[in-house]
Amino acid sequence: MNLRESSSFVSSVVAILGAGALVLGIVGCAGASGAASDDGSDSPASITAVSGADSSVSPVPTGTGFDYQLGGAYDAPDGVGVVARDRSAAPLEDGYSICYVNAFQTQPGDTKLWKSSLLLKKNGNPVTDPDWPDEILLDTSTASKRADIVKVLTPWIKGCARSGYAAVEFDNLDSYTRSGKALKYEHNAALAKSLVEVSHESGLAAAQKNVAERSTQLKRSAGFDLVVAEECAANEECAQYSSAYGTQVVDVEYTDNLPTSFSEMCKKHGAPELMILRDRDLLTPDEDGYVYEPCN
């Protein structure tokens with residue numbers, strides 16, 4: 001994970017108020033993620049497979065550059081035609097833009113936008129991300145809670161489409177690993193499937209984020225089209241992504257976690273074509289410490 005921009009409170013409230021008109025369709029999408037068992041949780045068998053990547057959405061172009069701009073939008077560097085930005089920012093005027101949505105945890109400053117019942121709790125206290133203590137894990141453990149999460153996220157996804165984005169990335173798919181076993185992979189995979197359906201209905205490609213070891217399974221069951229990876233080279237995960245998604249992988253490595261020189265990492269077999277080096281805080285070019293380096 002990395003430094004992520006908080007979306008404005010006003011725009012988020014407007015988005016949530018606008019969700020009312022979408023409730024019927026959303027519940028139908030969320031319900032497709034599987035029926036609840038008697039104890040309110042879901043069994044793995046309830047997650048049905050889909051055909052995979054949606055041919056009606058735009059793939060990530062090749063033969064261009066990539067930049068990851070979650071710390072603040074700025075003019076794309078020369079030769080860059082693919083950019084990931086926070087959903088509160090405008091997309092590239094001429095290029096392929098990926099819209100960031102924090103889908104499995106609350107965004108910093110936005111906790112009040114979520115119903116208390118959708119926040120994961122242990123002994124009555126919210127469960128937070130150890131690395132990002134101002135982010136609370138969303139409770140994906142039942143079909144009804146997932147449906148309510150989708151109701152909140154759907155206006156955000158549709159807002160990305162209206163703004164002109166081509167794809168959306170859903171961060172923190174791996175939140176179950178930080179839940180103290182309160183959540184399961186199957187819970188998050190079921191939510192992911194519903195979110196991908198909403199994305200495709202909105203004309204957006206959907207990006208897997210995290211859980212590299214289940215890439216083939218997630219592409220098949222959830223229908224993801226591409227991957228937005230962080231440190232897949234440093235963590236030796238790139239091959240797991242590329243074996244499932246081919247060239248549809250973009251990756252950002254960070255200056256504070258390089259096992260070898262970045263140039264050597266770029267030469268390593270399996271390194272994504274669209275792999276870049278950035279500073280951990282994803283600063284803008286006018287800030288001290290800004291780093292941007294693509295693989296040559």
Side-chain angles (χ1 to χ4, degrees), residues 4-5 7 11-12 14-16 18-19 21-22 25-26 28-30 32-33 50-62 64 66-70 73 76 80-104 107 146-147 149-173 188-211 215 218-229 241 244-251 274:
R4 297 182 284 267
E5 286 189 312
S7 302
S11 63
S12 299
V14 170
I16 290 176
L22 301 165
I26 298 164
C29 289
S33 64
V50 296
S51 59
D54 191 307
S55 60
S56 67
V57 300
S58 299
V60 179
T62 57
T64 186
F66 167 60
D67 195 8
Y68 205 53
Q69 299 184 358
L70 300 192
V80 168
V82 180
V83 166
R85 290 175 174 170
D86 186 82
R87 68 181 182 86
S88 62
L92 286 175
E93 291 186 5
D94 184 17
Y96 188 98
S97 298
I98 303 169
C99 190
Y100 174 90
V101 172
N102 198 350
F104 296 84
Q107 191 78 339
R146 290 195 296 272
I149 293 171
V150 174
K151 290 176 189 177
V152 175
L153 295 179
T154 292
W156 300 3
I157 297 168
K158 291 184 178 295
C160 293
R162 286 194 300 271
S163 295
Y165 281 91
V168 57
E169 63 168 296
F170 297 112
D171 200 10
N172 292 307
L173 177 59
N188 282 14
L191 175 59
K193 181 176 184 291
S194 294
L195 295 176
V196 171
E197 289 172 352
V198 176
S199 301
H200 289 170
E201 290 168 3
S202 303
L204 296 173
Q208 177 183 333
K209 184 79 173 287
N210 317 118
V211 197
S215 293
L218 282 164
K219 184 179 180 182
R220 181 180 66 251
S221 66
F224 284 116
D225 307 285
L226 66 143
V227 171
V228 175
Y241 288 129
Y245 293 93
T247 61
Q248 296 299 290
V249 180
V250 300
D251 174 58
L274 296 181

To check you understand the geometry: which heavy-atom pair defines the closest contact between [X] and [Y], and what is its length?
X	Y	value
Ala89	Ala73	CB-CB, 4.1 Å
Ala103	Ile149	O-CG2, 4.2 Å
Thr64	Gly81	OG1-N, 2.9 Å
Pro91	Ser163	CG-O, 3.2 Å
Ser221	Lys193	O-CD, 3.5 Å
Tyr241	Val211	OH-N, 4.2 Å

Going by heavy atoms in the side chains, are [X] and [Y] under 4.5 Å from each other?
X	Y	result
Val101	Leu153	yes
Val250	Val60	yes
Arg85	Ser97	no
Asp225	Pro59	no
Asn172	Lys209	no
Val83	Phe66	no
Gln107	Asp86	yes
Leu204	Cys99	no

Query raised in the report: Is there a side chain to side chain contact (heavy atoms under 4.5 Å, CB included) between Phe104 and Asp171 once you walk through the steps?
Result: CA-CA 7 Å; Phe104 296 84; Asp171 200 10; over 6 Å; no
Query raised in the report: Could you give the distance from OG (Ser199) to CD (Glu169), rounded to the nearest 0.5 Å?
Result: 11.5 Å
Report task. Quick one: pull up CZ in Phe224 and CG in Leu226 and give me the separation to the nearest 0.5 Å. Result -> 9.0 Å
Query raised in the report: With distance as the sole criterion, is a donor-acceptor pair present between the side chains of Tyr245 and Gln208 under 3.5 Å?
Result: yes
Query raised in the report: Would Val227 and Gln248 count as a side chain to side chain contact (heavy atoms under 4.5 Å, CB included) if you check the C-alpha gap in whole Å, the side-chain angles of each, and the deciding distance to 0.1 Å?
Result: CA-CA 6 Å; Val227 171; Gln248 296 299 290; over 6 Å; no
Report task. For Tyr165, check side chain to side chain donor-acceptor pair (under 3.5 Å) against everything at least two apart and list the hits. Result -> none
Requested in this report: Report yes or no: does Tyr96 contribute a side-chain atom to a donor-acceptor pair with the main-chain N or O of Ala167 at less than 3.5 Å?
Outcome: no
Report task. Give the C-alpha distance, both sets of side-chain angles, the deciding distance and a yes or no for side chain to side chain contact (heavy atoms under 4.5 Å, CB included) between Val168 and Ile98. Result -> CA-CA 5 Å; Val168 57; Ile98 303 169; 5.9 Å; no
Report task. Just jot down the salt bridge (charged side-chain N to carboxylate O under 4.0 Å, His left out) partners of Asp67, sequence neighbours excluded, or say none. Result -> Arg278
Report task. I would like to know whether Leu218 and Leu173 meet side chain to side chain contact (heavy atoms under 4.5 Å, CB included); could you show each step before the answer? Result -> CA-CA 11 Å; Leu218 282 164; Leu173 177 59; 3.6 Å; yes
Query - Passing option when Phe170 is tested against Asn188, Asn210, Leu195, Val228 for side-chain contact (heavy atoms from CB on, under 4.5 Å) - result: Leu195
